Protein chains: 2
Amino acid sequence: MIYSEFKKIVNISKEDISGQILEQNRDSIKVKKEKKVIENLIKIFDATLEICSRKSFQAMSIRDLAAHSGLSRGALYSYFTNKEELLNLIQMQGRQIANRVLTEQISCAGGAAEKLRIAIKTHIYLSEAMHNWFYFTYIEARNLSKPEQKKAIESELQTEAIFVDIITTGVKEKVFVSDNVILTASVIKAMLQDWYLKRWKYTQRKVSVDEYADFVIKVTEASLLRKK
Amino acid sequence: MIYSEFKKIVNISKEDISGQILEQNRDSIKVKKEKKVIENLIKIFDATLEICSRKSFQAMSIRDLAAHSGLSRGALYSYFTNKEELLNLIQMQGRQIANRVLTEQISCAGGAAEKLRIAIKTHIYLSEAMHNWFYFTYIEARNLSKPEQKKAIESELQTEAIFVDIITTGVKEKVFVSDNVILTASVIKAMLQDWYLKRWKYTQRKVSVDEYADFVIKVTEASLLRKK
DNA sequence: AATAAAAAAACGGACGTCCGTCTTTTTTTT
DNA sequence: AAAAAAAAGACGGACGTCCGTTTTTTTATT
């Protein structure tokens, strides 16, 4: 699979995302008409992620957000109860979608080697398709409240556990060789994250997402498939 | 070399760092007695890095800093002209030290393979010895002014270039095999950065810095030394 | 279909708080 | 006592949030 195919298959529309948020937070959203809510949530998230790709969430003022989203400050507070909740909303939703798609895609694969390749590709393609969400989720994690931070860490570890599982299965099946599965999973994650954390670098150098994904797979397999 | 040896050899005392900052910013520091300056700069940097390991630089108020450093708000402004300059000072100094030590250590090595091992170890050991500085420099880079951001990017690329050079030499000497030197250097950097970005994870799992460094070297060499 | 009434949504001024910074006063050192 | 350093206090500005009002949309009535 290449990225262009991935994008067609995995449909992550803004309406879906906003709809899901509405569903899960119906009580804290004061506006009643669902159409309006979804329409404006899209505006709010788009604007937030755009602004926060340039400055920190903390540095973004509600006035900034109002100006960029086209809603007034007052209207904004019909969609979230306070600024921190907006941060939590975006974080939670980003994690949920990423986790769902990743799990879905892996379930289709057969052997451990294929599973690993698909997991790597899916994660990188996902972070490409939802770059703003991934970047935001990572970079703003430290500004969360303690309980929300815990959720973020759990999610991070859960993603890692997916890789640990795949590699462990591969080792049992004698497809892979590894004397430290957890560290292997860790450095794979580090490479995956580099794609969305240093996107400016790869864009500048015209490294395509397909090229990067293939490279990470190659490095990983060089380590795991190697004959002792 | 292991970490405990590294720490003995590479002497990075707080006095030295502060002394260097004083030297390079004599004109913007209003206090005259050098002993006082160094004494208080240490307090200021310690407090800043400690606070900023818990919250963002922006979220740290000058009042926070005053309370933690033991100086008054007024006194603080004798050591930097404004809050942004304090950010720049720490960033600049962190990059300078890291770059100096890394360059020094590599110059001692012989062949490309050894150079690569030393570069990886030095970088990880450095980020361990100066964890707060590295974390701060990375995480706060996006809150810099445009010109300062440019310096940060240059520094990042310069570090990467060191690895590109080593690998290129190795390929020429037929010690390494690589069809994409730049991507190889990129993912090595990603693995190096993971050590100080996800330190909580490794600490929790009792992964030692030596163990991690050896592992990164192993992964890298599995990719570079592999027979085609 | 046109109009009136009601409901929903959006607006934006105002408030209290906290921030970075500047100025003045006090303390310490020489 | 003079000079240097530190502390304390003051100030204007920006922030998140609230809430009374206006505008827009929907529903009801003729």
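Within every chain, numbering begins at 1; the chains are lettered A, B, ... in the order of the sequence lines, protein sequences first and strands thereafter. Bear in mind the structure is a predicted one, so any value in this text is a computation, not a measurement.
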(request) Flag the pair A:Tyr3 / A:Tyr125 as yes when their ring centroid distance falls below 6.0 Å, and as no otherwise. (result)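 Close enough - the centres of the two rings lie under 6.0 Å apart.
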(request) For this output row, return yes or no: ring centroids of A:His123 and A:Phe134 closer than 6.0 angstrom. (result) yes
With a 4.0 Å cutoff (strictly under), does any side-chain N or O of [X] reach OP1 or OP2 of [N]?
X: B:Lys33; N: D:dA5; value: no
X: B:Asn40; N: D:dA6; value: yes
X: B:Ser72; N: D:dA6; value: no
X: A:Lys36; N: C:dA9; value: no

Rounded to the Å, how far apart are [X] [atom1] and [N] [atom2]?
X: B:Met60; N: C:dC18; atom1: CE; atom2: C1'; answer: 15 Å
X: B:Tyr77; N: D:dA7; atom1: OH; atom2: C1'; answer: 15 Å
X: A:Leu65; N: D:dC15; atom1: CG; atom2: P; answer: 13 Å
X: B:Leu71; N: D:dA7; atom1: CG; atom2: C1'; answer: 10 Å
X: A:Lys35; N: C:dA8; atom1: NZ; atom2: P; answer: 17 Å
X: A:Ile29; N: C:dA8; atom1: CD1; atom2: C1'; answer: 15 Å
X: B:Arg63; N: D:dA7; atom1: CZ; atom2: P; answer: 15 Å
X: A:Leu87; N: D:dG16; atom1: CG; atom2: P; answer: 13 Å

(message) Tell me the closest heavy-atom pair linking A:Glu156 and A:Lys189, and the distance in Å.
(response)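 Shortest heavy-atom contact: OE1-NZ, 3.3 Å.
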(request) Specify the residue among A:Glu34 and A:Gly74 whose closest nucleotide of DNA chain C lies further upstream toward the 5′ end. (result) A:Glu34
Give one of base, sugar-phosphate or nothing for [X], where a contact means two heavy atoms less than 4.0 Å apart.
X: A:Asp64; answer: nothing
X: A:Ser78; answer: nothing
X: A:Tyr79; answer: sugar-phosphate

(message) Pick the closest DNA chain D nucleotide for B:Lys32 and for A:Lys83 by heavy atoms, then say which residue is nearer the 5' end.
(response)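 This one resolves to B:Lys32.
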(message) Quick check against the 3.5 Å criterion: does B:Asn82 have a side-chain atom that pairs as donor or acceptor with the backbone of B:Glu85?
(response)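 Side chain of B:Asn82 to backbone of B:Glu85, a donor-acceptor pair under 3.5 Å: yes, one is there.
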(request) May I ask you to decide if A:Met1's main-chain N or O and A:Lys121's side chain share a donor-acceptor pair within less than 3.5 Å? (result)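 Side chain of A:Lys121 to backbone of A:Met1: a pair is present.
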(request) Check every atom of D:dG16, C:dA8, C:dG20 against the side chain of B:Ser61 and return the nucleotide holding the closest atom. (result) C:dG20
(message) Please name the nucleotide paired to C:dT30 by Watson-Crick or G-U wobble geometry with both distances under 3.5 Å, or report none.
(response) D:dA1
